[in-house]
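Remember, it's 1-based here, ligands and their atoms both numbered in the order they're listed.
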Amino acid sequence: MLETIEVSRVKRFAANTAGRDFAVGDIHGHFTRLQAALDAVGFDPAADRLFSVGDLVDRGPECEDVIKWLNKPWFHPVRGNHDDYVCRFDTCDIGNWMYNGGVWFVGLPLTEQQNYQVIFQELPIAIEVETAQGLIGIVHADCPFPSWGQLRDELESPESNKRLKQVQNSCMWSRRRFEHQETQGVEGVRALVVGHTTIRSPATLGNVIHIDTAGWMPDRGYFTLLNLKTLETIPTARPALSQDWDWD
Ligand SMILES: [Mn+2]
């Protein structure tokens, strides 16, 4: 596979000269539905790569399949706020996590929980992918700075643990940009790809592309795949869904 340079919180990928690169929104334990979306674009595991905005687990029925997916050499997720619960399972507010879909984890044997924790702690907060047209940034929820370079610096060389925690939490939790419909975008990247905020169809604010079209909500959503070279989304139009009326 292509060479990667791994640092603790930001993972860089060289351009994919062999195949296509896609990004997908929040998965939440729906890997069968994700595979169907990949099949629909003729995803080639020998050449193509799939980047994920994280939230791999909670809520859906196939959370434990995540280990199988993390072992696929072409699957590259960042850490979402739900993945971060796994990283902090022994110190987080378990009641709050269970309320938000963490029930699958709570009943696992302690050694298995610890195994998940070790694996999930390797998930980077940010990914950057080179394309012929420029660098693509990926975080779960938001880049809390006007430039990608500043985010990279803050994650790689934080001035304090407190500051790092704030920055990471913004990357994983913030809905500020979408709620305020901010269009100034992020300097230093061709595009920033995010999930976390569930939307009816993909939305672009400046150069920030929101792709969580709720593939993890049966009947209400679908998986959008974003081609990182062309920035085209697939499917190109929202498919007919049985509970379309359920959206605001
Ligand atoms: Mn999320």
Thr197 vs Arg175, test: side chain to side chain donor-acceptor pair (under 3.5 Å). Steps then yes/no. CA-CA 7 Å; Thr197 298; Arg175 301 188 201 278; 3.2 Å; yes
Below 2.8 Å, can you find an N, O or S atom of [X] next to the Mn ion (ligand 1)?
X     : value
Asp55 : yes
His82 : no
Asn81 : yes

For Phe22 and Trp74: C-alpha separation, side-chain torsions, deciding distance, then whether ring-ring contact (aromatic ring centres under 6.0 Å, His included) applies. CA-CA 10 Å; Phe22 296 99; Trp74 45 262; over 10 Å; no
Side chains of Asn81 and His140: do they bring a donor and an acceptor to under 3.5 Å? yes
Do the non-hydrogen side-chain atoms of Met172 and Ile125 ever get within less than 4.5 Å of each other? yes
Shortest-distance N, O or S atom of His196 relative to the Mn ion (ligand 1): ND1
